[in-house]
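See structure below.
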Amino acid sequence: MKTFMADPAAAGWVVACCAAVLAAGFAVTRMSLPRLARFAAWTLAVLSVAGAERICDGQPAGFRMLAIIAAALLGMKAVVAVEAQAAGQPRLSLAAWLRFAAGWPGMRPAPFARPPAGPLPGAGKLFRLGLRRLLEGLLLLALARLIWGWGTTNGLPPTGALVPATMLMLTALSLILHFGLFNLIAGGWRWVGIDCRPLFRAPLASRSLPEFWSKRWNLAFSQMAAIAVYRPLSNRVGRPAAMFAVFLYSGLVHELAISVPVRAGYGLPFAYFVLHGVLALAEQRLGLGRFRQDWLRRAWTAAWLALPLPLLFHPWFLDGIIWPMLGCCS
């Protein structure tokens, strides 16, 4: 886990940077001119990521990744808040801004614009689901480490243990974070009366790539991309071009989160999302992947999600961040 351990001074600077971005983001939402506010919000988003990356120069790759993601998330909160206001939604108070920006990974400001009004239905269900997924993820995490340890002590070829251990590790981390902690946070907000909902919704049931990316997987990101990229562009360049721009934007953001922290593998995550943008447009225009049977549509979708995954989680990312968690380092 040394890949996530940083010098205390660097960690302190990252915290200070995030606090500054929070304060600046709130100030941006108070601007009265929409164009100026939009420019300021995007400038803040870019500068926050650049600042976090510079602060973490020389720090372990895992820590750099977390710092860049945190800075990007907080910077983009200002962008989506400004766009929501331009669409007619009310401004967030300071307390509501802090709840939305610092306390929830989702990108819809609207639920936080209204004062909490008592517990909402589904809070307990989300708590139970989040806890179950969290425990499942921890078990898979332990199993991944056991497989790697057993393989190395019993003379198994490195790839024979590393491949299944890596797949289990990636699945475990997703269960812990996406389906565990995020559901627990959503349940907590619903418990106090804020209408937060699951951000990951049965992704294995997806029957097309657009359905997977826009309705089932990481709705925080799809909400952000819809508010900040798709909606402003769709009226100007048309829906297909705006959708493809969203995939290009996704590729750039994943470069920041995956390639920049390890300083290698540039262009591969971007290529993954360019490929998916082309396939998504093909599905909509030509009907590719829209087979009559649901299982065929799901198989089509799953194949295109899984087969190019080495582009997204390239070897440099695995070597710098994932494999150290297995106790395997180059």
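- Once rounded to the nearest 0.5 Å, the distance linking CG of Asn183 with CG of Leu129 reads 4.5 Å.
- Residues Val260 and Val253 do not share a hydrophobic cluster, clusters being chains of Ile/Leu/Val/Met/Phe/Trp/Tyr side chains in contact below 4.5 Å.
- Other residues, nucleotides and ligands contribute at most 12 non-hydrogen atoms within 6.0 Å of the CH2 atom of Trp304.
- Here the side chain of Tyr249 pairs no donor or acceptor atom with the backbone of Ala228 at under 3.5 angstrom.
- Residues Ile322 and Leu173 meet the side-chain proximity criterion, which asks for heavy atoms closer than 4.5 Å.
- Scanning for salt bridge (Lys or Arg N to Asp or Glu O under 4.0 Å) contacts around Glu53 gives Arg263, with sequence neighbours left out.
- Both Val237 and Leu248 belong to a single network of hydrophobic side chains, linked directly or stepwise wherever heavy atoms of I, L, V, M, F, W or Y lie under 4.5 Å apart.
- In this structure, the side chains of Trp97 and Thr29 come closer than 4.5 Å at one or more pairs of heavy atoms.
- Counting heavy atoms from C-beta outward, Trp213 and His276 have side chains that approach closer than 4.5 Å.
- Looking at Trp189, its side chain does come within 3.5 Å of a backbone N or O of Gly103 through a donor-acceptor pair.
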Q: Go through the steps for Val79 and Arg38 under the test side chain to side chain contact (heavy atoms under 4.5 Å, CB included), then give the verdict.
A: CA-CA 7 Å; Val79 173; Arg38 184 178 287 118; over 6 Å; no

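- Enclosure of atom CH2 in Trp13 is not indicated, since only 12 or fewer non-hydrogen atoms of other residues, nucleotides or ligands lie within 6.0 angstrom.
- Remark: Met325 CE to Thr3 OG1 distance equals 8.0 Å, nearest 0.5 Å.
- Across all their heavy atoms, Pro232 and Ala226 have their closest contact at CD-O, 4.2 Å.
- Asn218 is not listed as a side-chain neighbour of His178, based on a closest heavy-atom distance of 4.5 Å or more.
- When atom types are taken as modelled, the side chain of Arg239 and the backbone of Ser234 share no donor-acceptor pair closer than 3.5 angstrom.
- Counting heavy atoms from C-beta outward, Asp195 and Arg190 have side chains that approach closer than 4.5 Å.
- Under the 4.5 Å side-chain contact rule for hydrophobic residues, Ile176 and Trp104 share a cluster.
- With a 4.5 Å cut-off on side-chain heavy atoms, Leu268 and Leu312 do not count as touching.
- At least one donor-acceptor pair closer than 3.5 Å links the side chain of His254 to the backbone N or O of Ser250.
- Atom CD1 of Ile258 and atom NE2 of His314 lie 6.5 Å apart (nearest 0.5 Å).
- Remark: Arg231 does not engage Glu83 in a salt bridge, criterion side-chain N to carboxylate O under 4.0 Å.
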Q) Can you check side chain to side chain contact (heavy atoms under 4.5 Å, CB included) on Ile68 and Cys56, steps first, answer last? A) CA-CA 9 Å; Ile68 290 171; Cys56 296; over 6 Å; no

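- The backbone N or O of Pro203 sits nowhere less than 3.5 Å from a side-chain atom of Lys215 that would complete a donor-acceptor pair.
- Separation of atoms CG (Leu120) and CD1 (Ile194) is listed at 9.0 Å; rounding is to 0.5 Å.
- Between Glu283 and Pro210 the shortest side-chain heavy-atom distance falls below 4.5 Å.
- Using a distance-only test at 3.5 Å, with no hydrogens or angles considered, no donor-acceptor pair links the side chain of Glu136 to the main chain of Leu175.
- Residues Thr166 and Trp323 have side chains that bring a donor and an acceptor to within less than 3.5 angstrom of each other.
- Using a distance-only test at 3.5 Å, with no hydrogens or angles considered, no donor-acceptor pair links the side chain of Ser174 to the main chain of Thr171.
- Separation of atoms CG (Leu126) and CZ (Arg133) is listed at 11.5 Å; rounding is to 0.5 Å.
- Note: Phe200 and Phe179 meet the aromatic proximity criterion, with ring centroids under 6.0 Å apart.
- In terms of hydrophobic clustering, with Ile, Leu, Val, Met, Phe, Trp and Tyr side chains grouped at heavy-atom distances under 4.5 Å, Leu181 and Trp217 are assigned to a common cluster.
- The structure places CG of Leu219 at 12.5 Å from CE of Met107, a figure rounded to the nearest 0.5 Å.
- In this structure a side-chain-to-backbone donor-acceptor pair under 3.5 Å is present from Arg91 to Arg30.
- With sequence neighbours left out, the salt bridge (Lys or Arg N to Asp or Glu O under 4.0 Å) criterion links Arg99 to no other residue.
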Q: Please test Leu199 against Phe221 for side chain to side chain contact (heavy atoms under 4.5 Å, CB included), starting from the C-alpha separation and ending with a verdict.
A: CA-CA 9 Å; Leu199 297 174; Phe221 191 91; over 6 Å; no

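- In the hydrophobic cluster analysis, where Ile, Leu, Val, Met, Phe, Trp and Tyr join through side-chain heavy atoms closer than 4.5 angstrom, Leu74 is grouped together with Val229.
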Q) After noting the C-alpha distance and the side-chain angles of Leu252 and Phe247, does the key distance pass the side chain to side chain contact (heavy atoms under 4.5 Å, CB included) rule? A) CA-CA 9 Å; Leu252 292 174; Phe247 280 98; over 6 Å; no

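- For the pair Pro105/Phe182, a side-chain contact is recorded, criterion being any heavy-atom separation below 4.5 Å from C-beta on.
- Between the side chain of Arg216 and the backbone N or O of Arg201 there is at least one donor-acceptor pair closer than 3.5 Å.
- Counting heavy atoms of neighbouring residues, nucleotides and ligands inside a 6.0 Å radius, atom CZ of Phe39 does not exceed 12 of them.
- Without hydrogens or angle criteria, Glu255 side chain to Gly267 main chain gives a donor-acceptor distance under 3.5 Å.
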